[in-house]
Every structure is written in structure tokens, then in C-alpha cells.
There are 2 protein chains.
Amino acid sequence: MKNSGSVEAVEGRLCECLSKTGLRPTPQRQRVYTALLETPAHPTAEEVFMRVKQDMPDISLATVYNCLDTFVQCGLVRQVVHERGATRYCANTEEHHHFYCDECHRTYDIPAASSTRRLAFEVPAGFVVRRFEIVFQGLCPKCLANRSESAEYP
Amino acid sequence: MKNSGSVEAVEGRLCECLSKTGLRPTPQRQRVYTALLETPAHPTAEEVFMRVKQDMPDISLATVYNCLDTFVQCGLVRQVVHERGATRYCANTEEHHHFYCDECHRTYDIPAASSTRRLAFEVPAGFVVRRFEIVFQGLCPKCLANRSESAEYP
DNA sequence: CTATATGCAAATAGTTTGCCTGTTA
DNA sequence: TAACAGGCAAACTATTTGCATATAG
């Protein structure tokens with residue numbers, strides 16, 4: 001993901017987004033945000049909490065939830081909710097879709113092909129589409145590889 | 001939704017699906033299934049429970065969850081999980097997508113245009129797409145109408 | 001010095017589980 | 001008479017809330 005940027009650039013983006021709405025770039029918010037960027041794929045609030053706690057032992061889980069919700073509000077982070085269970089968070093602000101692996105239950109980002117934009121018009125008259133997401137499901141490359149070793153197929 | 005059919009046809013479909021896996025078409029399962037069909041749009045387990053309870057006062061919420069999960073297993077019902085909060089259930093087995101209204105938080109079914117099938121190929125090499133769903137978000141016709149009365153716009 | 005955040009613990013919502021009883025192939 | 005189902009209550013997980021304390025514009 002890495003979302004283009006040095007630590008400074010990242011901090012910059014955060015501060016900018018927060019200040020737009022008069023919110024403070026507190027140490028907790030900064031750390032939660034960088035932890036989200038550092039964590040490979042779509043962590044839960046709990047997972048972010050664990051990571052942040054390592055160098056901010058006093059942070060509370062409620063604060064992590066607060067921070068993440070704040071980021072969602074200012075459009076810096078997306079919630080990813082495709083299955084029962086904990087909500088996952090995604091700091092990739094590029095337009096993209098998601099692939100959910102049935103086997104390992106990991107979620108991958110899929111860059112949006114420009115052609116998919118026209119999908120917004122395939123909705124019955126009267127609906128206003130402001131955004132959309134495609135959720136693909138199936139087998140990710142890793143799980144596919146594991147499978148073919150042991151015969152079975154999709 | 002109505003998913004094509006008289007009460008008999010509906011019961012028939014249910015029994016058929018259940019028996020494939022050696023499951024029994026109990027009164028509870030039948031009632032939960034018809035309640036799901038009767039309820040306008042994507043009810044939660046709780047909502048189905050309320051409805052069924054009216055003519056089956058002894059049914060328990062746990063049984064409703066069990067029934068719904070059973071249906072999901074035999075492919076008769078889909079879970080719809082797009083937001084934090086209760087899981088919703090959808091008895092429409094036609095290929096379709098969903099529209100989620102930001103304002104009234106209702107979910108609508110959107111029939112799949114045949115052209116969308118090729119989306120499955122817009123995923124990086126190595127992923128096997130078994131199915132996908134498009135989740136549209138925006139304003140539904142009702143909420144749009146309410147809005148235009150009071151000036152604002154999307 | 002006041003609005004904004006945090007930490008903590010308790011509360012809540014949604015769902016699952018265990019266990020015992022009933023039902024049916 | 002097993003295997004399958006249902007009812008009930010307790011357990012559990014994810015999240016939210018209330019409130020007292022801290023921090024920074």
C-alpha cells in the first residue's frame with residue numbers, strides 16, 4: 001500500500017486532513033495512522049491497538065476506535081466490512097476494489113480499472129450513485145498454489 | 001423479490017434444497033424461510049424473529065439464527081454485510097448486486113447486467129474469481145425526492 | 001480557560017455455544 | 001433409537017458510552 005510517501009509526507013497528509021475539520025493531530029492519532037499504514041493488509045481495530053501499544057503502552061482500545069472513526073470521517077481511511085466479525089480498516093485512498101479470499105480470509109486491494117466507472121450507470125433510473133465497490137471472492141494466488149499441490153481445483 | 005412462486009413452489013424449493021444435504025424441512029425452517037420472503041428488504045435475524053414469533057410464539061432467536069445459517073449453507077439465502085451492525089439476509093437467488101442508501105440505510109437489489117460478467121477478468125493474474133458483488137452507494141429514489149423538496153443536492 | 005481528546009470501566013448489541021429435551025427417519 | 005433440531009440461558013466478541021482527567025489552541 002505505502003500510499004506514496006515518507007514519514008513526513010504521511011504526517012503532512014494526516015495533519016492536513018484533520019485540520020480541515022478543526023481536529024488535532026495528537027500523538028495517538030499520528031501513531032494509529034502510521035500503524036495502519038505499516039500493517040500489511042486491512043487490520044482490525046484490535047490489531048492496530050496491539051501494534052500501537054508496543055510503543056505507546058498507555059493507549060486504550062477505545063482511543064484506537066476513536067482515531068479510526070475520525071479518519072473515516074475525514075475520508076483518510078475506509079472501513080472494510082465484508083463478513084461477520086471485526087470491521088477492518090484500509091488506508092489506501094486510491095480508487096480501488098477488494099478481493100476476499102475464501103480460504104485464507106485475507107482481503108486484497110484491486111486497483112480500479114478505468115473502464116469500471118461506467119458501472120455507475122447500470123443502476124435503475126432514480127438512484128444516484130455516489131461511489132461503488134466491487135467485492136471479488138475466490139482464491140488468492142497463495143491459496144491457489146497450496147491447492148494445486150494437493151490436486152483439488154476451484 | 002417474490003422469487004417466483006406460490007406458497008407451494010416456495011416450500012418445494014426449500015424442501016429440495018434441504019434434502020440435498022439430508023436436512024429436515026421443520027416447521028420452524030419453513031416459517032423462517034417464508035418470513036424472509038415476505039419481509040420487504042433484507043431483514044436482520046432479529047426482524048425475522050419478530051415476524052415469525054407472531055404465529056410461532058415459542059420459537060427462539062437462536063433457532064432463527066440456526067435456520068438462516070442453514071439456508072446460507074445450502075445456497076438459498078445470502079448474507080448481506082455492508083456496514084457495522086446486524087447481518088442482513090437476502091433470499092433473492094438471482095444473480096444481483098446491491099445498492100445501499102447513505103440516507104435511509106436501506107439495501108436494494110440491483111439485477112446484474114450481463115455485461116458485468118467480464119469484470120471477473122479485471123483482476124490481477126493469479127487470482128481466481130468465483131463470484132463478485134458490486135456494492136453501490138448513494139441516494140435511493142425516495143431519499144432523493146425528499147431532498148429536492150428541501151433544496152440540497154447529492 | 002474552554003473545546004477537544006484521552007483512558008478506563010461498564011454497558012450494549014449481535015451472535016454463538018452448551019446442554020438438555022423433543023422429534024422424526 | 002440414532003441423528004437431527006429446537007429452546008433456553010449463559011458466554012463471548014466487537015463496539016460504544018459515560019465520565020473524570022489531561023492537553024493544547
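Here is the naming used below: chain letters follow the sequence lines, and residue numbers restart at 1 for every chain.
- When each of A/Asn66 and B/Cys67 is assigned the nucleotide of DNA chain D bearing its nearest heavy atom, the one mapping closer to the 5' terminus is B/Cys67.
- With hydrogens and angles ignored, the 3.5 Å screen pairs a side-chain donor or acceptor of A/Thr26 with a backbone N or O of A/Arg29.
- For the pair A/Gln28 and B/Tyr65, both in contact range of DNA chain C, the more 5′-proximal nearest nucleotide belongs to A/Gln28.
- Axis orientation changes by 30° from one end of the helix from C/dC1-D/dG25 to C/dA25-D/dT1 to the other, with each end axis drawn from 5 pairs and the value rounded to 10°.
- Atom CE of B/Met56 has more than 12 neighbouring heavy atoms from other residues, nucleotides or ligands inside a 6.0 Å radius.
- The CD-P distance, from B/Glu83 to D/dT15, rounds to 13 Å in whole Å.
- No side-chain donor from either of B/Gln137 and A/Arg130 sits under 3.5 Å from a side-chain acceptor of the other.
- Protein chain B contacts DNA chain C from C/dG14 to C/dT24, reading 5' to 3' and using non-hydrogen atoms of the protein with a distance under 4.0 Å.
- Side-chain heavy atoms closer than 4.5 Å link hydrophobic residues (I, L, V, M, F, W, Y) into clusters, and following such links, possibly through other members, connects B/Leu18 to B/Leu76.
- Using a 4.5 Å cut-off between side-chain heavy atoms of Ile, Leu, Val, Met, Phe, Trp and Tyr, B/Leu119 falls into a hydrophobic cluster with A/Phe99, A/Tyr108, A/Ile110, A/Leu119, A/Val123, A/Phe127, A/Val129, A/Phe132, A/Ile134, A/Phe136, B/Phe99, B/Tyr108, B/Ile110, B/Val123, B/Phe127, B/Val129, B/Phe132, B/Ile134, B/Phe136.
- DNA chain D is contacted by B/Asp58, B/Ile59, B/Ser60, B/Ala62, B/Thr63 of residues 55-64 of chain B, taking any non-hydrogen atom closer than 4.0 Å.
- Scored by the side-chain hydrogen bond (donor to acceptor under 3.5 Å, both in side chains) test, B/Asp55 finds B/Arg31 as partners (sequence neighbours excluded).
- Under the rule for a salt bridge (Lys or Arg N to Asp or Glu O under 4.0 Å), the partners of A/Arg88 that lie at least two apart in sequence or sit in another chain are A/Glu47.
- Considering only residues two or more places apart in sequence or on other chains, A/Glu95 meets the side-chain hydrogen bond (donor to acceptor under 3.5 Å, both in side chains) condition with A/Arg117.
- For the pair A/Gln79 CD and D/dA14 P, the interatomic distance rounds to 15 Å; values are reported in whole Å.
- Using a 4.0 Å heavy-atom distance criterion, B/Thr87 is classed as a sugar-phosphate-only contact.
- Each ring pair (Phe, Tyr, Trp, His ring centres under 6.0 Å) pair with one or both residues in residues 45-74 of chain B, not counting sequence neighbours, appears once here: B/Tyr33-B/Phe71.
- Hydrophobic clustering, defined by side-chain heavy atoms of Ile, Leu, Val, Met, Phe, Trp and Tyr closer than 4.5 Å, leaves A/Phe121 isolated from every other such residue.
- Separating the CD atom of A/Glu46 from the P atom of D/dC12 is a distance of 16 Å, rounded to the nearest angstrom.
- Every residue meeting the salt bridge (Lys or Arg N to Asp or Glu O under 4.0 Å) condition with A/Arg84, not counting sequence neighbours, appears here in chain and number order: B/Asp69.
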Inset, instruction - Encode nucleotides 20-25 of chain D as B, S and - characters from 5' to 3', where the letter depends on protein heavy atoms closer than 4.0 Å: B to the base, S only to sugar-phosphate, - to neither. - result: ---BB-

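- Close to D/dA5, at under 4.0 Å from its OP1 or OP2, lies a side-chain N or O of B/Arg29.
- Side chains of A/Asp109 and A/His42: a donor on one and an acceptor on the other come within 3.5 Å.
- Looking at residues two or more places apart in sequence or on another chain, you find a side-chain hydrogen bond (donor to acceptor under 3.5 Å, both in side chains) between A/Glu133 and A/His82, A/His98.
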